[in-house]
Asker: 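Could you have a look at this structure, given as structure tokens, before my questions?
When a ligand or atom number is given, it counts from 1 through the structure's own listing order.
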Amino acid sequence: MAKVIAVANQKGGVGKTATAISMGAALVEKGYKVLLVDVDDSGNPSLSKCLGAEAPEASLVDLMLMAFLNRDISKELNHVILTHEEGMDFIAAENKLAGVTDMLSAGTDDYEKKTVLKRIIDEVRKQYDFIILDAAPALNIMSINVLTAADEVIITTQPQGAAEEGIGELISSAGEVRKHSNPNLIVKGLLITMLDARTNYNKSKATEMTDGYTELGMKVFHTRIPRAVAAEECVEKKISILKYDPKSKVTAAYRAFVDEYLRYNK
Ligand SMILES: Nc1ncnc2c1ncn2[C@@H]1O[C@H](COP(=O)(O)OP(=O)(O)OP(=O)(O)O)[C@@H](O)[C@H]1O
């Protein structure tokens, strides 16, 4: 039965997609069965693009519409679940996902509209060890669906003040979701990404964030993901950084992060 992980932060450009893909690829290397789901409704489904599914024949949009209408999605899943060359399965999104968010917002049954994604995830849960949801940098009914479908959240952040604002917002959204639609949701921990160890500001901000959030009782992963150009280049190649540059320090960091995550999960 899969563990469902949301990778989230209510600020954009903080390494959510890079983390979802790299974590997925590193788990596959270890022999786990992984499903990635692009739940980015901001008009930029970057996980889908990074995995080479710019114009999928069928996508999360179709599944969400069917689930919203309480239709049987079991047959549609076969068309929608794609397999990447590195072995992880994924469900792509499209720009049209924003329309689904509008439709959900207009829904009248509060619990029903928050649990549409959960109904989809529950249908595929048995087939995977890990399901990773890549959320949009937003607080709306779609992000509530993400937090409702998840067992746990990993918050990614750059060591910068702006990214930090999104952490507080996400923690308070998780609290709301626990009250109303997912009492078991856990904030698993904070992962510092795109750390530029050459700048003193970045280094001291990373230390400050680690100390501050640890003091508040939150797990801050010891592994920090460094900034490197290879992590940007792999996007064009439609493969993960692990495959694009196996010797990159970012690859080593994501593998170490997955080891740390799995140890912490025991
Ligand atoms: N470790 C890294 N080093 C250098 N660049 C990185 C690294 N991780 C991600 N990037 C780049 O930073 C940008 C933002 O990363 P990413 O798309 O993963 O963030 P995001 O939080 O998912 O963004 P959004 O909220 O807009 O979906 C991308 O161009 C990505 O290629």
Side-chain angles (χ1 to χ4, degrees), residues 5-26 36-54 60 84 88 90-95 97-98 101 132-140 142-143 146-147 150 153-170 173 189-199 202-203 205-206 209 221 223-258 260:
I5 307 162
V7 180
N9 184 320
Q10 280 170 213
K11 281 282 177 282
V14 294
K16 293 185 291 295
T17 301
T19 298
I21 293 175
S22 309
M23 189 180 183
L36 302 173
V37 187
D38 191 343
V39 201
D40 192 333
D41 62 341
S42 68
N44 178 28
S46 47
L47 182 131
S48 308
K49 289 182 192 159
C50 289
L51 297 180
E54 278 91 351
L60 184 65
H84 186 261
M88 50 274 191
F90 69 105
I91 297 178
E94 300 166 80
N95 294 348
L97 194 59
T101 306
I132 303 176
L133 312 176
D134 183 20
L139 171 58
N140 58 17
M142 191 62 84
S143 62
V146 169
L147 295 178
V153 194
I154 293 175
I155 306 176
T156 61
T157 183
Q158 285 190 52
Q160 283 175 1
E164 210 173 353
E165 276 171 35
I167 302 173
E169 289 165 12
L170 185 75
S173 302
L190 186 67
L191 175 67
I192 294 177
T193 63
M194 291 187 246
L195 173 71
D196 189 344
R198 292 166 309 178
T199 74
N202 243 226
K203 274 195 296 190
K205 192 71 198 171
M209 283 172 124
F221 290 100
T223 312
R224 293 165 174 180
I225 310 300
R227 181 180 280 282
V229 179
E232 291 173 61
E233 291 168 349
C234 67
V235 171
E236 296 292 311
K237 306 285 177 198
K238 314 295 177 200
I239 51 178
S240 77
I241 180 77
L242 282 77
K243 177 143 197 217
Y244 176 69
D245 190 350
K247 293 198 161 42
S248 158
K249 57 187 181 178
V250 177
T251 296
Y254 273 118
R255 286 191 177 128
F257 163 64
V258 162
E260 185 183 356

Asker: Does a salt bridge link K238 with E54, judged by any charged N lying under 4.0 Å from a carboxylate O?
Answerer: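 Yes, charged N to carboxylate O under 4.0 Å.
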Asker: Just to confirm my output: which protein heavy-atom neighbour is closest to atom 20 (P) of ligand 1, and how far is it?
Answerer: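 The closest heavy atom on the protein side is K16 N, 3.5 Å.
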Asker: Nearest 0.5 Å please: distance from the CD1 atom of I5 over to the CD1 atom of I132.
Answerer: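 One gets 5.0 Å once the value is rounded to the nearest 0.5 Å.
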Asker: For atom 9 (C) of ligand 1, decide whether some protein heavy-atom distance is shorter than 4.0 Å.
Answerer: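 Neighbour list for atom 9 (C) of ligand 1 includes protein heavy atoms (cut-off 4.0 Å).
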Asker: Counting non-hydrogen protein atoms only, what is the nearest one to atom 17 (O) of ligand 1? Give residue, atom name and distance.
Answerer: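 Ranked first by proximity to atom 17 (O) of ligand 1 is T17 CB, 3.9 Å.
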Asker: For ligand 1, which atoms, with element, lie under 4.0 Å from some heavy atom of P137?
Answerer: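 Per the distance check, 25 (O).
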Asker: Quick one: which ligand 1 atoms are inside 4.0 Å of a heavy atom on V235?
Answerer: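 Under 4.0 Å from V235, ligand 1 has these atoms: 31 (O).
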Asker: Hey, which atoms in ligand 1 end up nearer than 4.0 Å to a heavy atom of P226?
Answerer: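 Selected atoms, number and element: 1 (N), 2 (C), 3 (N).
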Asker: In terms of side-chain geometry, is the basic nitrogen of E164 or K205 positioned less than 4.0 Å from the acidic oxygen of its partner?
Answerer: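 Yes, this pair counts.
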Asker: With backbone taken as N, CA, C and O and side chain as the heavy atoms from C-beta onward, which portion of A231 lies under 4.0 Å from ligand 1: side chain, backbone, both, or neither?
Answerer: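 Both parts.
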Asker: List every atom of ligand 1 that sits less than 4.0 Å from any heavy atom of G12, numbering the atoms from 1 in the order shown and giving each element.
Answerer: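 Here the atoms of ligand 1 in question are 25 (O).
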Asker: Any idea which atoms of ligand 1 are less than 4.0 Å away from a heavy-atom of A18?
Answerer: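 Those atoms are 8 (N), 9 (C), 18 (O).
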Asker: Quick one: nearest non-hydrogen protein atom to atom 30 (C) of ligand 1, plus distance?
Answerer: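 Sorting protein heavy atoms by distance from atom 30 (C) of ligand 1 puts E232 CG, 4.5 Å first.
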Asker: Grab the two heavy atoms, one from N9 and one from T156, that are nearest each other, plus how far apart they are.
Answerer: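 That would be ND2-O, 2.8 Å.
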Asker: Are there protein heavy-atom neighbours of atom 23 (O) of ligand 1 below 4.0 Å?
Answerer: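 Within 4.0 Å of atom 23 (O) of ligand 1, protein heavy atoms are found.
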Asker: Taking T19's backbone N and O only, do any of them form a donor-acceptor pair with S22's side chain (distance below 3.5 Å, no angle check)?
Answerer: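 Checking the backbone N and O of T19 against the side chain of S22, no donor-acceptor pair under 3.5 Å is found.
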Asker: Considering only protein heavy atoms, which is closest to atom 7 (C) of ligand 1, and at what distance to one decimal place?
Answerer: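 Result for atom 7 (C) of ligand 1: M194 CG, 3.4 Å.
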Asker: Looking only at protein heavy atoms, identify the closest one to atom 19 (O) of ligand 1 and say how far it is in Å.
Answerer: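 Atom 19 (O) of ligand 1 sits closest to the protein heavy atom G15 N, 3.0 Å.
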Asker: Enter the distance from I154:CD1 to L190:CG here, rounded to the nearest 0.5 Å.
Answerer: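 Result: 10.5 Å between the selected atoms.
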Asker: For the pair T251 (side chain) and K247 (backbone), establish whether a donor and an acceptor sit closer than 3.5 Å, ignoring hydrogens and angles.
Answerer: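 No.
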Asker: Under 4.0 Å from atom 13 (C) of ligand 1, do we find at least one protein heavy atom?
Answerer: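 Protein heavy atoms within 4.0 Å of atom 13 (C) of ligand 1 - there are none.
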Asker: Hey, which atoms in ligand 1 end up nearer than 4.0 Å to a heavy atom of G13?
Answerer: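 Answer for ligand 1: 14 (C), 19 (O), 20 (P), 21 (O), 23 (O), 24 (P), 25 (O), 26 (O).
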Asker: Mark up the atoms of ligand 1 that fall under 4.0 Å of a heavy atom belonging to D40, in ascending order.
Answerer: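 With D40 as reference, the close atoms of ligand 1 come out as 27 (O).
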Asker: Check for me whether V14 has a heavy atom closer than 4.0 Å to any atom of ligand 1.
Answerer: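 Checking ligand 1 against V14, which is what was asked, there is a heavy-atom contact under 4.0 Å.
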Asker: For atom 4 (C) of ligand 1, what is the nearest protein heavy atom, given as residue, atom name and distance?
Answerer: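 Checked against all protein heavy atoms, atom 4 (C) of ligand 1 sits closest to A228 O, 3.1 Å.
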